[in-house]
Amino acid sequence: MGAADREPDLAVLLTALARVRRQITLDGQPSDRTLAKAAGVSPTTVGAWLRGARFPQQIDPLIRIVDAVREHARRTTHAWAGEPAELWDKRCWRDAHIAEARRRAGETSRAVRAADARSVLESGRPGTPLDQVTDPFMLEVHRPITVDGATVGVLPSYVRRVHDERLGQVVDRVLGGTSAMAVLVAGSSAGKTRACWEALGPLRAAGGWRLWHPFDPTRREAALQELDRVGPRTVLWLNETQEYVGEGGERVAAKLRALLTDRARAPVLVLGTLWRKHHADLTRSSGSQVAQLLDDVVIEVPEAFTGAALEAMRRAAQADARLAEAVEHAVDGKINQYLAGGPALLKRLETAEPAAKAVIWAAMDLRRLGHRTTIPLALLKAAAPAYLTDTEWDAAGEDWLGQALAYTAEPCKGARGPLTRVRPRRSQGRAAAAVDPDGEPVYRLADYLDQHGRVTRADQIPPVGLWTAAAAHAHPADLGVLGDAAWARGLCREAARLHKQAVRQGNVVAAGTLVRRLHELDPADRRPARWVVAHACLDDPFHVGNLLDSLHRAGAHDQIATVLARYPAGRVPLDNPARLGVLLDGLHKVEAHEQFIALAERAAAHAPLDPLGVGVLLDSLHKAGAHDQLATLLARDPAAHVQLDTHYGALSLRRLLRSLRRAGAHDQFTALARRAAAHAAFDGDPLSEGRLLMDSLHAAEAHAQIAAVWARHPACLTLDNRHSALTVARLLDSLYGIEAHDQIAALLARDPAGRVPLDNTADVRALLNALRKVGAHEQFTALARRAAAHAPLDDPYTVGTLLRTLSSLEARDHVAALLARDPAGRVLLDNAAGLGALLFDLHCLDEAHDQIATLLARDPAANTTLNPLVPDAPYLLMFGLGLVEAHDQMVALAERLPAAGLFDELLRTDGYGERFRFGREPDGSAADRWGWEDLE
């Protein structure tokens with residue numbers, strides 16, 4: 001019989017699969033937990049299957065494990081020699097499974113009838129085989145909060161605490177053959193049910209256990225009907241135990257006591273949960289069946305994470321975004337309550353009466369627009385009616401606000417209610433934190449609703465009433481940022497009102513903004529500049545410098561003179577060199593020569609030598625041509641004062657090195673670069689001091705010093721971490737810059753093109769360019785081939801630039817290979833700038849027309865993420881859409897910009913600037929002309 005005719009051996013396939021998995025990475029990814037999620041079984045079961053310790057009763061879950069390993073192997077671009085050809089063949093796995101089942105059946109044929117009989121009896125017992133119970137929510141584990149795009153598993157990672165150890169001891173007794181009961185007691189959402197769910201793990205691993213969750217037609221009735229038929233190795237899941245043994249539950253309690261003492265039905269595990277109040281009520285009568293049932297079975301669950309448990313939770317949060325959010329925002333360590341409270345908060349919002357919903361929406365919008373966490377009552381009272389229709393407002397009643405706040409204050413699952421008053425803590429000297437500057441009570445929005453609102457309401461522009469209320473009642477320090485938010489959404493008149501009110505409250509940042517924007521609307525109107533200078537608080541050199549710049553753009557020369565008279569340079573504090581640099585820039589622009597010289601001389605001689613601030617100050621003096629003052633500052637040798645063994649020093653080095661080079665301080669530049677090179681390292685951790693120093697040397701083009709690091713520690717350059725491609729690219733650039741041909745050859749001899757990971761396509765592109773620059777044509781071709789076949793295709797920008805790099809004459813075949821992988825159908829749509837760049841790069845390729853069509857069919861204009869922190873991104877996407885003549889999508893993208901806080905980008909778009917010169921209304925229509933007189 002030929003090889004092709006032999007039945008595949010399941011043990012051989014399992015051994016090969018385990019060997020492949022070990023070879024993917026050093027830590028055996030994908031993990032048992034990841035594979036368990038794919039297969040719908042427990043991690044323990046996965047391990048037992050792959051070791052051959054347990055025979056899989058069904059083949060489909062095992063095949064899902066095979067698919068998961070294969071997909072991970074494909075992404076990591078590994079290949080293995082010597083493995084069975086049928087390793088990835090599903091039919092071979094199915095045949096092998098059937099063959100193994102037949103073999104086992106033959107060995108146990110005498111016991112078939114007995115096994116069949118046991119199977120029939122087993123099916124009549126209450127409950128479900130435990131390995132089929134895979135949905136924790138069916139057992140009433142609270143659904144956790146969600147963090148967009150960052151969910152690791154169905155449930156967040158679990159951190160064991162003392163109560164888990166006690167519960168584990170109960171499970172051990174049960175595994176030893178003794179029936180037992182455990183009831184976890186704590187407040188709402190403290191983690192009781194989740195702890196019970198985790199305790200099932202050893203029972204799953206042991207196999208043969210069932211779980212029964214009686215609840216139909218009612219919990220108590222179901223328990224009474226079936227408790228007598230419960231057999232050995234059954235878990236009774238009595239979540240919310242008071243529903244079974246509460247008022248009138250004596251019969252259930254008696255049956256449970258009988259079950260726990262019946263050796264013929266042992267072992268049985270009864271798991272229950274209670275609130276503390278319920279436990280106190282149930283055990284009030286010490287002689288009752290319920291009290292005796294609960295005697296000595298209670299396990300207390302802590303309400304909060306503290307000490308070592310909190311530290312363990314913080315470590316776990318590094319790999320689970322839901323835990324990270326809960327750790328960051330939970331109050332007093334009540335992390336489980338935060339995790340479980342989110343869905344309840346949303347339900348509370350969904351079912352709220354219109355007035356309560358309006359108050360919550362107003363708070364959501366204020367927070368996402370920039371207001372601090374504590375919101376004055378007067379602001380909520382003034383803003384909420386804007387969210388109600390006329391009919392809703394008429395029906396609200398006189399006490400609408402009191403009723404709404406009572407509703408929002410009620411706790412959810414043990415967590416803070418949707419919107420609650422911040423009460424004074426006078427015993428801790430914090431009473432002032434519970435009121436606004438006018439003495440009004442303040443309220444706080446639940447953190448989960450705060451996060452939820454930032455996502456779900458991101459495309460909505462709040463009604464005018466909210467902005468009007470904010471101008472009158474918002475915290476003074478928040479007026480400026482709220483004004484910026486209004487302007488970013490095209491509500492220019494409301495923005496100007498907020499900025500004007502902010503200036504009244506001493507916000508000099510808003511002063512410069514108000515002058516600049518109103519000058520753009522009406523260049524001939526000097527009233528804004530006069531009013532601002534008369535009311536602005538001039539106490540910070542940074543903001544005064546920006547105000548001078550705004551007045552200079554507005555041509556407000558008289559007001560510039562007034563500012564200079566009110567803020568003499570001779571009395572400016574010298575404690576912050578970066579802020580001094582900004583003020584010097586402003587003085588230079590308005591040609592205040594005497595003031596500039598006076599301040600420059602003082603700053604150069606006496607300002608602290610903070611490395612980052614000194615860089616700003618050096619640049620300001622250099623731009624202004626203040627050579628004498630520049631020499632004075634350099635004579636103090638700021639380079640010698642940089643501490644390179646700290647993160648701050650390493651981060652500051654980039655700015656200072658470049659500033660020294662621009663200022664012509666070559667000796668100090670070289671001395672500082674050499675010092676940095678002595679501490680620098682080819683470290684894989686991007687936040688280590690050694691790696692930050694290397695990045696700074698590269699940014700400053702300190703090629704000789706980078707080459708010195710390589711010459712000193714060549715063995716420290718690893719080629720297998722995710723940053724290796726970029727590190728090698730930068731090193732090749734530096735070695736090429738100083739013509740270190742021998743060192744280039746030594747580096748290339750280690751075959752970086754064949755060894756670096758392909759995780760980061762941008763880094764791979766940088767290495768391709770470097771290899772081409774140094775003439776390493778064979779390695780360029782090898783890396784191009786690998787990248788075209790295996791580089792990730794999620795980031796549109798890096799895919800586009802990779803296409804551009806490969807489109808050189810040397811790599812046209814690789815362009816075709818990359819296009820054949822359908823990058824346009826696979827890139828993520830969350831990077832608007834990257835999508836624009838990809839459209840540009842595809843437009844430049846004759847063979848990419850189908851890819852352009854594929855990308856446009858995914859409607860990037862409607863589906864891309866618009867981030868106000870990256871304001872140029874929509875412009876780049878608009879440019880790319882214009883190149884490929886996707887005019888409808890250009891219009892759709894433009895219409896999304898204001899709600900996303902990108903109104904300025906809309907003004908840059910053809911046809912929109914003049915139409916919306918005076919802003920827009922919340923409904924999208926163009927605002928009528930308005931001016932300074934309309935801001936009262």
Side-chain angles (χ1 to χ4, degrees), residues 503 506-516 518-519 523 525-638 641 655-656 658-660 662-665 668:
V503 175
N507 189 329
V508 69
V509 180
T513 302
L514 187 60
V515 169
R516 184 172 65 256
L518 292 184
H519 173 72
D525 192 351
R526 293 287 182 267
R527 288 176 296 173
R530 288 197 296 268
W531 185 90
V532 162
V533 171
H535 291 82
C537 177
L538 306 180
D539 61 354
D540 186 296
F542 178 84
H543 300 312
V544 172
N546 283 330
L547 177 57
L548 287 172
D549 179 56
S550 296
L551 293 171
H552 174 67
R553 295 185 189 186
H557 304 296
D558 292 343
Q559 285 68 44
I560 289 173
T562 301
V563 171
L564 294 176
R566 289 177 56 195
Y567 197 71
R571 295 205 296 268
V572 175
L574 302 178
D575 57 329
N576 190 315
R579 292 177 177 269
L580 292 174
V582 174
L583 178 55
L584 285 170
D585 287 341
L587 292 172
H588 178 63
K589 286 180 181 178
V590 302
E591 300 180 357
H593 301 299
E594 292 183 5
Q595 295 250 34
F596 176 89
I597 294 299
L599 180 58
E601 289 178 349
R602 293 177 60 225
H606 303 294
L609 295 180
D610 169 74
L612 185 60
V614 167
V616 178
L617 189 54
L618 283 169
D619 290 342
S620 298
L621 295 173
H622 176 66
K623 284 187 293 185
H627 303 297
D628 293 342
Q629 291 76 23
L630 190 60
T632 299
L633 180 56
L634 290 174
R636 298 170 62 196
D637 195 9
H641 290 77
R655 176 62 182 264
L656 184 54
R658 297 170 70 177
S659 299
L660 289 170
R662 279 195 291 262
Q668 290 200 41

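Owing to the predicted nature of the structure, the values given are computational and were not obtained by experimental measurement. Just the heavy atoms: all of them, side chains too, but no hydrogens, waters or symmetry mates, feed the values below.
The side-chain contact (heavy atoms from CB on, under 4.5 Å) search around A600 returns L584, F596, L621, Q629, not counting sequence neighbours. In this view, S620 and D585 satisfy the side-chain hydrogen bond (donor to acceptor under 3.5 Å, both in side chains) rule, not counting sequence neighbours. Partners of R662 according to the salt bridge (Lys or Arg N to Asp or Glu O under 4.0 Å) rule, which considers only residues two or more places apart in sequence or in another chain, are D619. Looking at residues two or more places apart in sequence or on another chain, you find a side-chain hydrogen bond (donor to acceptor under 3.5 Å, both in side chains) between D525 and R527. Every residue meeting the side-chain contact (heavy atoms from CB on, under 4.5 Å) condition with P573, not counting sequence neighbours, appears here in chain and number order: Y567, D575. For R579, the salt bridge (Lys or Arg N to Asp or Glu O under 4.0 Å) test picks out D540, with sequence neighbours left out. Looking at residues two or more places apart in sequence or on another chain, you find a ring-ring contact (aromatic ring centres under 6.0 Å, His included) between H535 and W531. Remark: P608 engages P577 in a side-chain contact (heavy atoms from CB on, under 4.5 Å) (not counting sequence neighbours). For V563, the side-chain contact (heavy atoms from CB on, under 4.5 Å) partners two or more places apart in sequence, or in a different chain, are V533, L538, V544, L547, L548, L551.
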Would N546 and V509 count as a side chain to side chain contact (heavy atoms under 4.5 Å, CB included) here? Give the steps.
CA-CA 8 Å; N546 283 330; V509 180; over 6 Å; no
The test is side chain to side chain contact (heavy atoms under 4.5 Å, CB included); show your working for L609 and L633 and say whether it passes.
CA-CA 9 Å; L609 295 180; L633 180 56; 4.0 Å; yes
Verdict with supporting geometry, L618 and L634, side chain to side chain contact (heavy atoms under 4.5 Å, CB included)
CA-CA 9 Å; L618 283 169; L634 290 174; 3.8 Å; yes
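In this structure, Q559 and R530 have side chains that are in contact, with non-hydrogen atoms separated by less than 4.5 Å.
Within the structure, no pair that satisfies the salt bridge (Lys or Arg N to Asp or Glu O under 4.0 Å) test touches residues 629-638, not counting sequence neighbours. Applying the side chain to side chain donor-acceptor pair (under 3.5 Å) test to pairs two or more places apart or on separate chains, those with a residue in residues 591-610 are D610-Y648. The salt bridge (Lys or Arg N to Asp or Glu O under 4.0 Å) contacts involving residues 542-560 comprise D549-R553, D549-K589, where partners must be two or more places apart or lie in separate chains.
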